[in-house]
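The structure under discussion appears below in the form of structure tokens.
Fair warning: this is a prediction, and the values are worked out from it, not measured in the lab.
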Amino acid sequence: MLNVGIVGVGFMGMVHYLAFQKVAGAKVRAISTRNPKRLAGDWRGVKGNFGPAGEVMDLRGVAKYGTLDELLADPTIDLVDFCLPPAQHADATIAALQAGKHVFVEKPIALTAADAQRMVKAAEKAGRMLLVGHVLPFVPEYAFAYRAVRDGKYDKPLGGMFKRVISDPKWLPDYYHPQKVGGPMLDLHIHDAHLIRLLYGMPTSVFSQGRMRGKVVEFAQSQFRFADPDLVVGAVSGVVRQQGRSFTNAFEMYFENATLIYDFAVLGEQPHVATPLTVLDARGKVTQPKLGSSDPLSGFVAELKEVVRAVRAGKPSTILSDELACDAVVLCDRQAESVKTGKAIKINR
């Protein structure tokens, strides 16, 4: 049994706690938060832009620590799951690795590529595993698309268009602070940046147009260039200033012998599937694959199963690797630079 300690009880900490209840071979044995109400199990103040609302949790059998140091001193904890604000990821992760723990840290791995590399080097030195929480490839519609690329199901990939837009997350006061959260580019678009890197490799350059809010990008459209001229890949992501649509994600993915389409939004606090995952094949047939559970936690359950598998087997994950997570930060950084300069930016690791 893999014993897990969750550090940070906000929306994502709650999601991970609930998802771990459905993961065999692992159990949450400890939590750490500086919030005394949440430490006692009152999570009713937790809020996110999808999924379950916060509630009072039964934390019997779960050790409760007010500080990270207390949790790291617990010899029973094998894996620390960090759901902290991004600015805290690097130092907290390094401390856990030095304490001999494996680490699963929520995206983004860090706010800067330099901090991300510090984390990678600390994991190598400690001989412990560092996995990064990019859940998108485990969400059923995106998992289907990932497998299609990986397995060559529809022959050569020709690229795609990816969309991820939210309304202003007013419950997050530091959302646009460049040294605390990093704004929509590092909090939101990084999902698709990671997916693009996973599906197609590292782009050679990017051109982005967008608008700023203070020192961070509020909204941007990006076009990525690859060594393969047949790959045409774009993305749109950011915040709109009206609150009626709290979340939307969508994609069209193109292959030699198929196109995949998907479009989902939360409108007026209600989920709406504008286009379920749909396959247009080379013969003109239109099909909608069966994807299994529609539970919004299902992707997180699959992600955490991969974390447990990797740690128990001692074999890194091809999806949750620190290398891919570092590259996703680089892609976001280069897009922000393109918005600020109005120029196409070369991408070098």
Side-chain angles (χ1 to χ4, degrees), residues 1-7 12 16 19-20 22-28 72 77-84 86 89-139 142-143 145-152 186 190-203 299-332 347 349:
M1 182 66 67
L2 191 70
N3 293 327
V4 179
I6 295 178
V7 180
M12 198 51 61
H16 285 194
F20 264 121
K22 302 179 180 181
V23 177
K27 190 169 184 63
V28 177
L72 294 183
I77 300 301
D78 306 304
L79 171 73
V80 181
D81 178 348
F82 283 113
C83 298
L84 294 168
H89 285 183
D91 290 344
T93 291
I94 290 169
L97 292 166
Q98 291 174 343
K101 313 296 187 184
H102 299 289
V103 170
F104 176 58
V105 60
E106 254 304 312
K107 62 80 197 165
I109 183 174
L111 292 179
T112 68
D115 274 348
Q117 287 301 321
R118 286 202 298 126
M119 296 160 72
V120 171
K121 290 178 181 177
E124 292 172 350
K125 184 175 181 180
R128 292 295 182 268
M129 196 164 291
L130 171 58
L131 301 117
V132 185
H134 282 282
V135 71
L136 201 60
F138 299 94
V139 174
Y142 290 85
Y146 166 62
R147 291 192 298 269
V149 172
R150 182 194 64 190
D151 300 338
L186 282 167
I190 198 160
H191 284 293
D192 292 307
H194 176 270
L195 186 74
I196 288 166
R197 166 64 179 85
L198 177 68
L199 296 178
Y200 307 118
M202 197 65 163
F300 293 94
V301 173
E303 177 190 42
L304 294 177
K305 286 180 178 178
E306 172 66 2
V307 171
V308 172
R309 181 211 62 77
V311 172
R312 296 184 71 181
K315 296 181 179 180
S317 170
T318 57
I319 298 176
L320 303 176
S321 76
D322 49 20
E323 177 188 1
L324 290 180
C326 289
D327 284 350
V329 171
V330 170
L331 286 177
C332 290
I347 297 174
R349 286 190 179 90

What distance do [X] atom [atom1] and [Y] atom [atom2] have between them, rounded to the nearest 0.5 Å?
X    : Y    : atom1 : atom2 : answer
L198 : D327 : CG    : CG    : 11.0 Å
T93  : R118 : OG1   : CZ    : 10.0 Å
I6   : H16  : CD1   : NE2   : 7.5 Å
Y142 : L199 : OH    : CG    : 10.5 Å
L186 : I109 : CG    : CD1   : 12.0 Å
H191 : C332 : NE2   : SG    : 10.5 Å

field: Intermediate values then yes/no, side-chain contact (heavy atoms from CB on, under 4.5 Å), K101 and I77
entry: CA-CA 7 Å; K101 313 296 187 184; I77 300 301; 4.1 Å; yes
May I ask you to decide if [Y]'s main-chain N or O and [X]'s side chain share a donor-acceptor pair within less than 3.5 Å?
X    : Y    : result
K27  : M1   : no
H102 : L79  : no
D78  : N3   : yes
H134 : A325 : no

Side chains of [X] and [Y] in contact at under 4.5 Å (non-hydrogen atoms):
X    : Y    : result
F20  : V307 : no
H194 : P137 : yes
T112 : V329 : no
L304 : F104 : yes
P108 : P86  : yes

- prompt: Considering residues at least two apart in sequence or located in another chain, which fulfil the side-chain hydrogen bond (donor to acceptor under 3.5 Å, both in side chains) criterion with D322?
  reply: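 Scan of D322 (side-chain hydrogen bond (donor to acceptor under 3.5 Å, both in side chains), adjacent residues dropped) gives none.
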task: Enumerate the residue pairs fulfilling side-chain hydrogen bond (donor to acceptor under 3.5 Å, both in side chains) with a member in residues 121-132, sequence neighbours excluded, ordered by first and then second residue.
output: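 Not a single pair qualifies under side-chain hydrogen bond (donor to acceptor under 3.5 Å, both in side chains).
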message: Does anything in residues 299-310 form a side-chain hydrogen bond (donor to acceptor under 3.5 Å, both in side chains)? List the pairs, not counting sequence neighbours.
response: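 Every side-chain hydrogen bond (donor to acceptor under 3.5 Å, both in side chains) pair that includes a residue of residues 299-310, provided the two are not neighbours, is E306-R309, E306-S317.
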Shortest non-hydrogen separation from A26 to V4 and the atoms involved: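 Smallest heavy-atom distance, with atoms named: CB-CG2, 4.3 Å.
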- prompt: Among V311, V103, I319, which one satisfies side-chain contact (heavy atoms from CB on, under 4.5 Å) with L131?
  reply: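 That would be V311.
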